[in-house]
Amino acid sequence: MAKSKGTRILITIECLDCRSNPNKRSPGVSRYLTQKNRRNTPERIELKKYCSHCNKSTVHKEIK
């Protein structure tokens, strides 16, 4: 039998400040790998996480 797709999927979240600011502390973009429930949150999520390139907690948004 074929196994169906689960409700939890892996997503990548990326720092919004690193992507838009060229004058940051170090080059690069902070990314995290996490899971979300496809049924409960069908839209893209935003989480506040620590960015080592900005050296502070910033908003990270889901990317494809």
Side-chain angles (χ1 to χ4, degrees):
M1 289 185 86
K3 197 173 192 181
S4 65
K5 284 190 176 181
T7 57
R8 299 200 66 79
I9 56 172
L10 283 175
I11 59 166
T12 304
I13 54 176
E14 183 177 75
C15 179
L16 294 178
D17 291 347
C18 284
R19 193 176 354 167
S20 61
N21 186 9
N23 301 324
K24 57 188 176 223
R25 188 172 67 88
S26 65
V29 177
S30 173
R31 289 188 176 158
Y32 285 95
L33 192 65
T34 186
Q35 291 182 345
K36 80 171 186 178
N37 191 320
R38 179 187 334 212
R39 291 184 189 151
N40 295 342
T41 53
E43 65 278 351
R44 292 189 179 193
I45 61 171
E46 290 185 358
L47 298 173
K48 196 164 188 180
K49 302 285 280 182
Y50 179 76
C51 176
S52 59
H53 300 286
C54 299
N55 204 23
K56 59 184 178 180
S57 292
T58 58
V59 175
H60 286 64
K61 189 173 182 181
E62 179 182 344
I63 60 172
K64 279 251 173 171

For the student: nearest non-hydrogen atoms of [X] and [Y], plus distance:
X: Lys48; Y: Ser57; answer: CE-O, 3.9 Å
X: Cys51; Y: His60; answer: CB-CE1, 4.1 Å
X: Ser30; Y: Tyr32; answer: OG-CE1, 3.8 Å

Q) Mind checking whether Leu47 and Tyr50 sit in one hydrophobic cluster, side chains of I, L, V, M, F, W, Y counted as touching below 4.5 Å? A)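 Yes; tracing contacts between hydrophobic side chains, which count when under 4.5 Å, links both residues.
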
Counterpart residues, side-chain contact (heavy atoms from CB on, under 4.5 Å), relative to [X] (two or more places apart):
X: Lys56; value: Asp17, Cys54, Thr58
X: Glu62; value: Ile11, Ile13, Lys36, Arg44, Ile45
X: Gln35; value: Arg8, Leu10

Q. Which other residues belong to the hydrophobic cluster containing Ile63, where Ile, Leu, Val, Met, Phe, Trp and Tyr are joined when side-chain heavy atoms lie under 4.5 Å apart, directly or via other members?
A.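 Hydrophobic cluster check, Ile63: no partners found.
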
Q. To the nearest 0.5 Å, how far apart are OG1 in Thr7 and CZ in Arg39?
A.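 CZ of Arg39 is found 5.0 Å from OG1 of Thr7.
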
Q.
With rounding to the nearest 0.5 angstrom, report the NZ to CD distance, Lys61 to Glu46.
A.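 Here the interatomic distance stands at 5.5 Å.
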
